[in-house]
**Q** 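The structure is given below, and queries will be raised subsequently.
Any value given below was found using the heavy atoms of this structure, including those in side chains, with hydrogens, waters and symmetry copies removed.
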Amino acid sequence: QVQLVESGGGLVQPGGSLRLSCAVSGHTFSNYAMAWFRQAPGREREFVASISFTGSTSYYSDSVKGRFVISRDNDKKTVDLEIIAASPEDTGLYYCAAGLSKYAHESMTAERFFGFWGQGTQVTVSS
């Protein structure tokens, strides 16, 4: 049974930093791309970032580019999302997702490219 468990969410001040982590089990983690999505209150879930199976390629949405960093550890089966300069617009429930292919690409940001999802971890950016 594939399980994705997110952690690390919480309250952060504007301009602050936060590191989210996703632990994966029951999955051939190193063979697939991984991604983070988020859902703000009253809005649809949106793509945030993805990373290829080796970690050599990553892709970010325009709204987080330059402020977020996605990384993975294939030995530990974890994928992290570092929020470096948080803004109130980053508030939301953050989901980890396992891809259906090895690769991360700007054409592969829709939810249909991801087969397994975590339950989410809440991030609130507020002073």
**Q** Give the ring-plane orientation class for Y103 versus F53, where under 30° counts as parallel, over 60° as perpendicular and anything between as tilted.
**A**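 Plane angle over 60°, so perpendicular.
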**Q** Return yes when atom NZ of K76 has more than 12 non-hydrogen atoms of other residues, nucleotides or ligands closer than 6.0 Å, and no otherwise.
**A**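 Not more than 12 within 6.0 Å, no.
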**Q** Give a yes or no on whether F37 and Y94 share a hydrophobic cluster (residues Ile, Leu, Val, Met, Phe, Trp, Tyr; joining criterion: side-chain heavy atoms under 4.5 Å apart).
**A**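 Different clusters: F37 never reaches Y94 through Ile, Leu, Val, Met, Phe, Trp or Tyr contacts under 4.5 Å.
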**Q** Is a side-chain N or O of S127 found less than 3.5 angstrom from the main chain of Q13, in a donor-acceptor match?
**A**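 No, S127 side chain to Q13 backbone: no donor-acceptor pair under 3.5 Å.
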**Q** So, do T121 and S7 sit near enough that their side-chain heavy atoms are less than 4.5 Å apart?
**A**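 Answer no - side chains too far apart.
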**Q** Between the main-chain N or O of G26 and the side-chain N or O of K77, is there a donor-acceptor pair closer than 3.5 Å?
**A**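 No.
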**Q** Does a donor on one side chain sit under 3.5 Å from an acceptor on the other, for S63 and S61?
**A**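 A donor-acceptor contact under 3.5 Å links the two side chains.
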**Q** Without swapping roles, check the side chain of R19 against the backbone of I84 for a donor-acceptor pair under 3.5 Å.
**A**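 Side chain of R19 to backbone of I84: no pair is present.
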**Q** Between Y59 and H105, is the ring centre distance below 6.0 Å?
**A**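 No; H105 has its ring centre 6.0 Å or more from that of Y59.
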**Q** Test D80 against S21 for side chain to side chain donor-acceptor pair (under 3.5 Å), laying out the working first.
**A** CA-CA 4 Å; D80 290 356; S21 188; 2.8 Å; yes
**Q** If we check side chain to side chain contact (heavy atoms under 4.5 Å, CB included) with R38, which of these qualifies: T91, L93, D90?
**A**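 Single pass found, and it is D90.
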**Q** Could you tell me whether the side chain of E6 and the main chain of Q119 form a donor-acceptor pair under 3.5 Å?
**A**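 Such a contact is found between E6 side chain and Q119 backbone.
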**Q** Using the benzene-type ring in the case of Trp, are the ring centres of Y60 and F47 under 6.0 Å apart?
**A**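 No.
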